[in-house]
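Down below is the structure, laid out as structure tokens.
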Number of protein chains: 2
Amino acid sequence: MLSPTEENYIKSIFHLSEDGQKEVSTNTISDEMNTSAASVTDMIKKLALKKLLDYRKYKGVKITKKGKLEALRLIRKHRLWETFLVRKLNFSWDQVHDVAEQLEHINSPLLVSRLDEFLGFPTVDPHGDPIPGNDGKLPVTNRKSLAEMELCTMGTVVAVKDSSSLFLKYLDKIGAVIGSKIEVLDRVDYDGSLEIEIDKKSRVFVSRDVADNIMMV
Amino acid sequence: MLSPTEENYIKSIFHLSEDGQKEVSTNTISDEMNTSAASVTDMIKKLALKKLLDYRKYKGVKITKKGKLEALRLIRKHRLWETFLVRKLNFSWDQVHDVAEQLEHINSPLLVSRLDEFLGFPTVDPHGDPIPGNDGKLPVTNRKSLAEMELCTMGTVVAVKDSSSLFLKYLDKIGAVIGSKIEVLDRVDYDGSLEIEIDKKSRVFVSRDVADNIMMV
DNA sequence: ATATTTTTTTAGACTAATCTAAATATTATC
DNA sequence: GATAATATTTAGATTAGTCTAAAAAAATAT
């Protein structure tokens, strides 16, 4: 059994390592979690002892198979709860994150499976992110960011990388939500910003940063 | 803001004091919470500092108005979640307690009010206990225990005092659930056990302990 | 390839919640 | 009302998670 704190570390490390592929440094983790590097060193030692991380002094950590499974279990719970909040309790997509951060630590396998069933076995959450199965398997997708799209091609918004309230409210404002069709009209090479057309109606400029956080298919 | 631990103390003390009326001793609390008396002394000092308890050395504690409100807020959440688990996720009434113990510590006023709305503003939980309102108000009821009923009188089960899985499974087994009509046929003065008839069908003997934990109207 | 900067780890300390054992107060008993 | 029994508090220690400051290792720059 992991404490909520340990769970938060595992989840952050999983995300920072791009789903467990890359090594992650102590400072990268301390930045993400707003803690001191010293605290991170202590915790990664503990998680390494529990075989959730491979740790070599001064070399950062890599998440193990066991660690990945733990992370995916948490992500599954997080995304199921987000789906519940939006679909059943009428939360908007920018209101769910903080509550789901709390709910994901509730420990009850029965609750998770019943929630999954109650929601009709959803495959993606309200931000378009895939929901891992009970076995930790994630469906493979060939998504790319809006920033990577070619000029004059059209795509559909399927997910967002940043789930912060600020970003989601901005998307609501410009009318870019999941399912929106976007065409890239022009790209400014200087800063990577784009002119786009949303749903054949409105034309707006978005920054490189914004384009990086919108996932298309 | 209270920690989950502080919340558990406040809730236990509220229940032990019969909704805040009586004083509660240190040992009573440590028994209920399975902790040492020393831990209780530390914690009640802390809660007294936060004005949730009135504490006089060696004299036990009495819950304050502020403490009562906090307890009722928690009981409200607990009972709303139990209702959700039974009505929406098909939990049985003996499966909900432990999960609700976890869920009641989730902190989100919006979540509570939306859940309440989603459930159609329920007034009692699956064990028949009243759900406090947002203002902490509890509807007054004139219930009495099965043990207190007079011979040859009939009543309806409206609630249970003990929500343990063991007790609830026993009730399921003898066919006594919320809404059942029970008539007291005979009382053994020696040990207070009763012979009862449930729903005009089955006759069973129940111990004094069981009869104390079934609430009738 | 040495010096400087940056990153990481260690050392030592703090808080919350817990414990056991010892001390002290209250209650019960004779 | 003195003494024994019980209840409560204090003292001191432990664990998880955190911190700052100092030491050590690694990376970078001159």
Side-chain angles (χ1 to χ4, degrees), chain A residues 1-17 22-64 67 70-71 74 101-102 104-107, chain B residues 1-17 22-63 67 70-71 74 98 101-102 104-107:
Chain A
M1 269 302 303
L2 299 185
S3 71
T5 311
E6 290 171 322
E7 291 188 333
N8 286 335
Y9 271 93
I10 278 293
K11 209 171 57 120
S12 284
I13 293 167
F14 180 80
H15 282 132
L16 291 169
S17 66
K22 294 196 313 185
E23 298 223 319
V24 190
S25 74
T26 304
N27 270 3
T28 309
I29 301 169
S30 72
D31 277 5
E32 167 76 12
M33 306 206 61
N34 294 309
T35 56
S36 70
S39 303
V40 172
T41 302
D42 285 349
M43 181 55 90
I44 60 186
K45 277 181 185 167
K46 197 162 75 152
L47 294 175
L49 253 157
K50 295 191 175 186
K51 308 280 181 207
L52 298 162
L53 299 177
D54 284 326
Y55 168 54
R56 287 174 306 148
K57 256 192 196 176
Y58 294 102
K59 297 288 176 187
V61 292
K62 193 152 188 250
I63 200 162
T64 64
E70 197 57 53
L74 286 160
E101 282 297 289
Q102 296 182 62
E104 75 191 7
H105 299 296
I106 302 289
N107 178 22
Chain B
M1 270 302 303
L2 299 184
S3 71
T5 310
E6 290 171 322
E7 290 188 335
N8 286 335
Y9 271 93
I10 278 292
K11 209 169 59 118
S12 285
I13 293 167
F14 180 80
H15 282 132
L16 291 169
S17 66
K22 294 195 315 187
E23 297 223 319
V24 190
S25 73
T26 304
N27 271 3
T28 310
I29 300 168
S30 71
D31 278 5
E32 167 76 13
M33 305 207 61
N34 296 309
T35 55
S36 69
S39 303
V40 172
T41 303
D42 284 349
M43 182 55 90
I44 61 187
K45 277 182 185 167
K46 197 162 73 150
L47 294 176
L49 253 158
K50 294 191 177 189
K51 308 281 181 205
L52 298 162
L53 300 176
D54 283 329
Y55 168 56
R56 286 173 308 146
K57 257 193 195 177
Y58 294 101
K59 297 288 176 185
V61 291
K62 194 154 186 251
I63 200 162
E70 197 57 52
L74 285 160
D98 294 350
E101 281 297 289
Q102 296 182 60
E104 75 191 8
H105 299 295
I106 302 289
N107 177 22

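Only heavy atoms go into these numbers, but all of them, side chains included; no hydrogens, no water, no symmetry mates. First the proteins, then the strands, lettered A, B, ... as listed; each starts at 1. All of these numbers come straight from a predicted model, not from anything done at the bench.
- Summarising the geometry, the separation between CG on B/Leu49 and P on C/dA16 is reported as 11 Å, rounded to the nearest angstrom.
- Rounded to an integer number of Å, the gap from CG of B/Asp31 to C1' of D/dT8 is 13 Å.
- At least one side-chain nitrogen or oxygen of A/Asn27 sits closer than 4.0 Å to the OP1 or OP2 atom of C/dT8.
- Taking 4.0 angstrom as the limit, A/Tyr58 places none of its side-chain polar atoms (N or O) nearer than this to OP1 or OP2 of C/dT10.
- Taking only side-chain nitrogens and oxygens, B/Ser25 comes nearer than 4.0 Å to OP1 or OP2 of D/dT8.
- Within the 4.0 Å cut-off from OP1 or OP2 of D/dT8, not a single side-chain nitrogen or oxygen of B/Tyr55 is found.
- For A/Thr5, counting side-chain heavy atoms from C-beta on, the closest listed nucleotide (C/dT9, D/dT9, D/dT18) is D/dT18.
- Tested against B/Val61 for a side chain to side chain contact (heavy atoms under 4.5 Å, CB included), the candidates B/Leu53, B/Thr28, B/Leu47 yield a single pass: B/Leu53.
- Within the 4.0 angstrom heavy-atom criterion, only backbone atoms of the sugar-phosphate kind lie near A/Thr26; the bases stay farther away.
- Phosphate proximity of D/dT10 to B/Lys57: present, with a side-chain N or O under 4.0 Å from OP1 or OP2.
- For the pair A/Asn34 and A/Lys59, both in contact range of DNA chain D, the more 5′-proximal nearest nucleotide belongs to A/Asn34.
- Dashed line: the shortest gap from a side-chain N or O of A/Ser36 to OP1 or OP2 of D/dC19 is under 4.0 Å.
- Counting only distance, with no hydrogens or angles, the side chain of B/Ser17 and the backbone of B/Glu23 share no donor-acceptor pair below 3.5 Å.
- The nearest whole Å value for the distance from the CE atom in A/Met33 to the P atom in D/dC19 is 10 Å.
- Looking at A/Ile63, A/Ile44, A/Ile10 one by one, the single match for side chain to side chain contact (heavy atoms under 4.5 Å, CB included) with A/Leu52 turns out to be A/Ile10.
- Rounded to whole angstrom, the span from the CD1 atom of A/Ile29 across to the P atom of C/dT7 amounts to 14 Å.
- Annotation: side chain of A/Lys50 is in contact with side chain of A/Glu6 (closest heavy-atom distance under 4.5 Å).
- A sub-4.0 Å separation between OP1 or OP2 of C/dT18 and a side-chain N or O of B/Ser39 is absent.
- With rounding to whole Å, B/Met1 atom CE is found 15 Å from C/dA16 atom C1'.
- A/Met43 has its CE atom 16 Å from the C1' atom of C/dT9, to the nearest Å.
- A/Asp42 has its CG atom 15 Å from the P atom of C/dA13, to the nearest Å.
- Residue contacts shown for A/Thr41 include a base, since a base heavy atom lies under 4.0 Å away.
- By the 4.5 Å heavy-atom criterion applied to side chains, A/Ile13 and A/Glu32 are not counted as neighbours.
- Whole-Å rounding puts the A/Glu23 CD to C/dT8 P distance at 11 Å.
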